[in-house]
S.K.: 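Submitted below is the structure of interest, expressed as structure tokens.
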Amino acid sequence: MAVDPKTTCYEGTRAQCFQSYLQQSGQHKAVLQSLHNILPGEFKRIGVDKSSLDVLGVGSGGGEVDVQILTLLQSTFPDVPITTDIVEGSTQLTDNFKALVAKTPNLQKIPFAWHLMSSENYEKQVKAKGDMKKFDFIQMVQMLYHVDNLADTITFYQSLLKNNGRLMIIIGAANCGCDILWKTYEKELGVGDIRDSRSSAEVIACLKSLGLKYEEHSQPNTFDITECFNPSSQTGKNLLNFLTAKNNFYESFTPEIRAGILDLLRNKCSTEKDGRVIFNNNMTCILVYA
């Protein structure tokens, strides 16, 4: 399979920083706790009278969330065949996903179609073929930071929904730590792979402008970033690299910008508790209707 020249930023060192962030933040655990409350009821509505179910994951990374979603769907409709398409630009994370599938017994009977490319190039490919596969459920977990045009992306994927389908978007909540950081330092951070500072506020405004029906659910999450303020901590460096989308935080900014970012992370993006710096990593789950 040819590799898409425009992939995600999560390869090599960046992928390692991403994995470090996931371990420190507990993001997947927070997402999954929320989804276990939301999705069973949604799946029952989506799958009513369906003889098969088709799922699409966009920017699925290592597949940790997708695997849990598919397991939930299977448990809701144990006798209904399921197919899954995955769009992911990182070869490293796709390999992680495939390895996870290989050791998850309940997924062995689900056929996976792997699309190693960016979401925009998947859209171009689908439109060029003129044969749009439709889906009952599409998930985008923390990936809309990487697309060029938010409205075009949402419009396209919402158009792929089958009757009664849902597009699930999970993204940083308005005024979460990352939202504050990226809006404050947009000029310094908003270059390269990530093109825009986006939060649930921008997504909801876009959905309203498009006239799409949706519902939103809050997903609280915090994590300890105290190590970010220890220059000798590799964990702290990895977190700073991930939060700023840089390969090397300490070499990417002037001393003044570095100091400003660290001050913002401590005093505007976090709270202090028992001498620890606790980062606001709240997320929002948005369900867009067909």
Side-chain angles (χ1 to χ4, degrees), residues 8-10 17-42 57-69 72 88 93 119 137-147 150 153-154 157-158 166-184 186 189 193-208 212 214-225 228 238-240 242-245 264-265 268-271 273 277-289:
T8 69
C9 61
Y10 299 135
C17 292
F18 177 52
Q19 294 299 332
S20 180
Y21 160 77
L22 290 178
Q23 292 170 10
Q24 293 296 121
S25 70
Q27 174 181 288
H28 282 162
K29 182 179 178 180
V31 168
L32 293 173
Q33 285 178 340
S34 180
L35 296 187
H36 274 78
N37 294 328
I38 297 168
L39 290 186
E42 286 298 320
V58 187
S60 292
E64 295 88 351
V65 174
D66 295 64
V67 164
Q68 294 298 319
I69 289 173
L72 272 175
E88 170 57 51
L93 295 180
S119 65
F137 188 74
I138 301 173
Q139 64 246 28
M140 297 177 166
V141 179
Q142 298 283 49
M143 61 74 60
L144 282 177
Y145 314 105
H146 303 277
V147 303
L150 183 62
T153 298
I154 291 175
Y157 285 102
Q158 195 268 348
R166 295 288 186 272
L167 165 61
M168 183 186 76
I169 297 168
I170 294 179
I171 195 164
N175 298 315
C176 70
C178 285
D179 190 34
I180 293 170
L181 171 64
W182 277 74
K183 284 182 169 58
T184 304
E186 186 167 10
L189 302 181
D193 303 293
I194 298 180
R195 297 163 190 80
D196 197 5
S197 55
R198 288 183 179 137
S199 71
S200 61
E202 284 75 31
V203 174
I204 289 170
C206 181
L207 293 171
K208 288 180 178 178
L212 297 177
Y214 68 92
E215 60 184 73
E216 59 180 303
H217 303 267
S218 62
Q219 295 181 335
N221 181 232
T222 59
F223 69 98
D224 191 328
I225 63 166
C228 289
N238 287 343
L239 285 174
L240 287 170
F242 179 80
L243 291 172
T244 59
L264 188 78
L265 287 173
K268 299 293 184 181
C269 304
S270 309
T271 57
K273 183 178 180 181
V277 184
I278 309 302
F279 187 73
N280 175 351
N281 199 43
N282 291 343
M283 295 164 285
T284 300
C285 174
I286 303 168
L287 293 171
V288 184
Y289 290 51

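Predicted model only: the values in this text are computed from it and were never measured.
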S.K.: Between CZ of Phe242 and SG of Cys228, what distance do you get to the nearest 0.5 Å?
M.R.: 12.0 Å
S.K.: Can you find a heavy atom in the side chain of Leu287 that is under 4.5 Å from one in the side chain of Ile38?
M.R.: yes
S.K.: Tell me every residue that passes side-chain hydrogen bond (donor to acceptor under 3.5 Å, both in side chains) with Ser199, counting only those two or more places apart in sequence or in another chain.
M.R.: Glu202
S.K.: Can you list the steps and then say if Val203 with Arg198 is a side chain to side chain contact (heavy atoms under 4.5 Å, CB included)?
M.R.: CA-CA 8 Å; Val203 174; Arg198 288 183 179 137; 5.6 Å; no
S.K.: How many angstroms lie between atom CG of Asp224 and atom CZ of Phe279, to the nearest 0.5 angstrom?
M.R.: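 Between atom CG of Asp224 and atom CZ of Phe279 there are 12.0 Å.
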S.K.: If you round to the nearest 0.5 Å, how far is CE of Met143 from CD1 of Ile170?
M.R.: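 Going from CD1 on Ile170 over to CE on Met143, the span is 12.5 Å.
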S.K.: Under the side-chain hydrogen bond (donor to acceptor under 3.5 Å, both in side chains) rule, collect the residues that match up with Gln158, sequence neighbours excluded.
M.R.: none
S.K.: Within the 4.5 Å heavy-atom criterion, are Tyr157 and Ser119 side-chain neighbours or not?
M.R.: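 Yes, at least one pair of side-chain atoms sits under 4.5 Å.
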S.K.: Got Cys176 and Met283 here, is their nearest side-chain heavy-atom distance under 4.5 Å?
M.R.: no
S.K.: Test your reading of the model: is there a side-chain donor-acceptor pair from Glu88 to the backbone of Gly61, 3.5 Å cut-off?
M.R.: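 Side chain of Glu88 to backbone of Gly61: a pair is present.
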S.K.: Between Met140 and Ile171, is the side chain to side chain contact (heavy atoms under 4.5 Å, CB included) condition met? List the steps.
M.R.: CA-CA 8 Å; Met140 297 177 166; Ile171 195 164; over 6 Å; no
S.K.: Apply side chain to side chain contact (heavy atoms under 4.5 Å, CB included) to the pair Val65 and Ser60, showing each step before the final yes or no.
M.R.: CA-CA 8 Å; Val65 174; Ser60 292; over 6 Å; no
S.K.: Could you check if a side-chain atom of Gln219 sits within less than 4.5 angstrom of a side-chain atom of Asn221, using non-hydrogen atoms only?
M.R.: no
S.K.: Do Leu39 and Phe137 come within less than 4.5 Å of each other through their side chains, counting heavy atoms only?
M.R.: yes
S.K.: Answer yes or no: does atom NZ of Lys183 have more than 12 heavy-atom neighbours from other residues, nucleotides or ligands under 6.0 Å?
M.R.: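 Check passes, neighbour count above 12.
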S.K.: Shortest non-hydrogen contact from Ser270 to Val277?
M.R.: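 Reported closest heavy-atom pair: CB-CG1, 3.5 Å.
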S.K.: Which distance, rounded to the nearest 0.5 Å, do you find between the CG of Leu150 and the OH of Tyr145?
M.R.: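 OH of Tyr145 is found 11.5 Å from CG of Leu150.
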S.K.: Mind checking side chain to side chain contact (heavy atoms under 4.5 Å, CB included) for Lys273 and listing every partner two or more places apart, or none if nothing turns up?
M.R.: Ile278
S.K.: To the nearest 0.5 Å, what is the distance between CG on Asn281 and CG on Leu243?
M.R.: 8.0 Å
S.K.: I need the minimum non-hydrogen distance between Gly57 and Asp66, along with the two atoms involved.
M.R.: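 Gly57 and Asp66 have their closest heavy atoms at CA-OD2, 3.7 Å.
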S.K.: Tell me, do Leu240 and Leu265 make a side-chain contact under 4.5 Å, heavy atoms counted?
M.R.: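 They are in contact (side-chain heavy atoms under 4.5 Å apart), so the answer is yes.
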S.K.: Measure across Met168 and Cys285 and return the closest heavy-atom pair with its distance rounded to 0.1 Å.
M.R.: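 Minimum heavy-atom separation between Met168 and Cys285: CG-SG, 3.7 Å.
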S.K.: Does the pair Leu167 and Leu212 meet the rule for a side chain to side chain contact (heavy atoms under 4.5 Å, CB included), with working shown?
M.R.: CA-CA 11 Å; Leu167 165 61; Leu212 297 177; over 6 Å; no
S.K.: Using a 4.5 Å cut-off on heavy atoms from C-beta on, say whether the side chain of Cys206 contacts that of Ile154.
M.R.: yes
S.K.: Go through the structure and list residues passing side chain to side chain contact (heavy atoms under 4.5 Å, CB included) with Thr184, not counting sequence neighbours.
M.R.: Ile180, Leu264
S.K.: Just so I know, are the side chains of Gln139 and Ile69 near enough to count as touching, which here means a heavy-atom distance under 4.5 Å?
M.R.: yes
S.K.: According to side-chain hydrogen bond (donor to acceptor under 3.5 Å, both in side chains), who are the partners of Thr244, at least two apart in sequence or on a separate chain?
M.R.: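 So Thr244 forms no side-chain hydrogen bond (donor to acceptor under 3.5 Å, both in side chains) with any residue.
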S.K.: Of all residues at least two apart in sequence or in a different chain, which pass the side-chain hydrogen bond (donor to acceptor under 3.5 Å, both in side chains) check with Glu215?
M.R.: His217, Tyr289
S.K.: Identify the heavy atoms of Cys269 and Gly177 that sit nearest to each other, and give their distance.
M.R.: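 In terms of heavy atoms, the two residues are closest at SG-O, 3.3 Å.
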